Amino acid sequence: MDTTKPFATVADLEARWHPLTDSEQAKAEVLIGDASDMIIDAAADVDSVRPETLTRICCQMVKRAMIAEATNPTGVTQYSQTAGSFSESGTYANPTGDLYLLAAEKRALRGSQRAWHTTMQGET
């Protein structure tokens, strides 16, 4: 597998999410490169992971980061608002729009695993 290329394209992301504006496409291109680099660092053996899995995980990472940036451009971690007797508060899950891997994605990056054994005994 060629690990110098990103694991996804903007078209892959759009197919899994929605059509992107020109500025979103430019941002996605950069994030796809960053996410691919993070996947290489996290995978025990990236060559043993199916290309479809790499594309899926890369797109999920970028989508999470782009949603966080769009819904919380100022990067606040939590908010509170009160009007009369009504109040509302919330906490953002990814306030700074970081790229990250979920536990299930990390498991998927372990690649195909096979059990095997060997004997330590010599031939008799």
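It should be emphasised that the depicted structure is a prediction, and the values quoted were computed from it without experimental measurement. Hydrogens, waters and symmetry mates are skipped; everything else that's a heavy atom, side chains included, is used.
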For Thr9 and Thr55, what are the C-alpha separation, side-chain angles and deciding distance, and is it a side chain to side chain contact (heavy atoms under 4.5 Å, CB included)?
CA-CA 8 Å; Thr9 64; Thr55 299; over 6 Å; no
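- Atoms CE and CD, from Met66 and Glu24 in turn, are 5.0 Å apart once rounded to the nearest 0.5 Å.
- Listed here is the closest heavy atom pair of Ile57 and Leu101: CG2-CD2, 3.5 Å.
- Atoms SG and CG, from Cys58 and Leu31 in turn, are 9.0 Å apart once rounded to the nearest 0.5 Å.
- Remark: of the listed residues Arg110, Arg64, Arg56, Arg64 is the sole one forming a salt bridge (Lys or Arg N to Asp or Glu O under 4.0 Å) with Glu105.
- Across all their heavy atoms, Leu20 and Gln25 have their closest contact at O-NE2, 3.3 Å.
- Note on residues 9-23: no pairs pass salt bridge (Lys or Arg N to Asp or Glu O under 4.0 Å), not counting sequence neighbours.
- Residue pairs satisfying the side chain to side chain donor-acceptor pair (under 3.5 Å) criterion with at least one member in residues 83-100, sequence neighbours excluded, are listed as follows: Thr96-Asp98.
- Leu102 and Leu99 fall into different hydrophobic clusters, where Ile, Leu, Val, Met, Phe, Trp and Tyr residues are linked whenever their side-chain heavy atoms come under 4.5 Å apart, directly or through other members.
- Within the model, atoms CD of Glu29 and CG of Leu13 stand 10.5 Å from one another, a figure rounded to the nearest 0.5 Å.
- When all heavy atoms are compared, the tightest approach of Gly97 to Ala65 is O-CB, 3.4 Å.
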Output side-chain donor-acceptor pairs under 3.5 Å for residues 34-42, partner residues at least two apart or in another chain, one line each.
| from | atom 1 | to | atom 2 | distance (Å) |
| --- | --- | --- | --- | --- |
| Ser36 | OG | Phe7 | N | 2.9 |
| Ser36 | OG | Ile32 | O | 2.9 |

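- A distance of 11.5 Å separates CG of Asn72 from CD of Gln78, quoted to the nearest 0.5 Å.
- Taking a 6.0 Å sphere around CD of Glu69, one finds it holds 12 or fewer heavy atoms contributed by other residues, nucleotides or ligands.
- Between Ala108 and Thr53 the shortest heavy-atom distance is CB-CG2, 4.0 Å.
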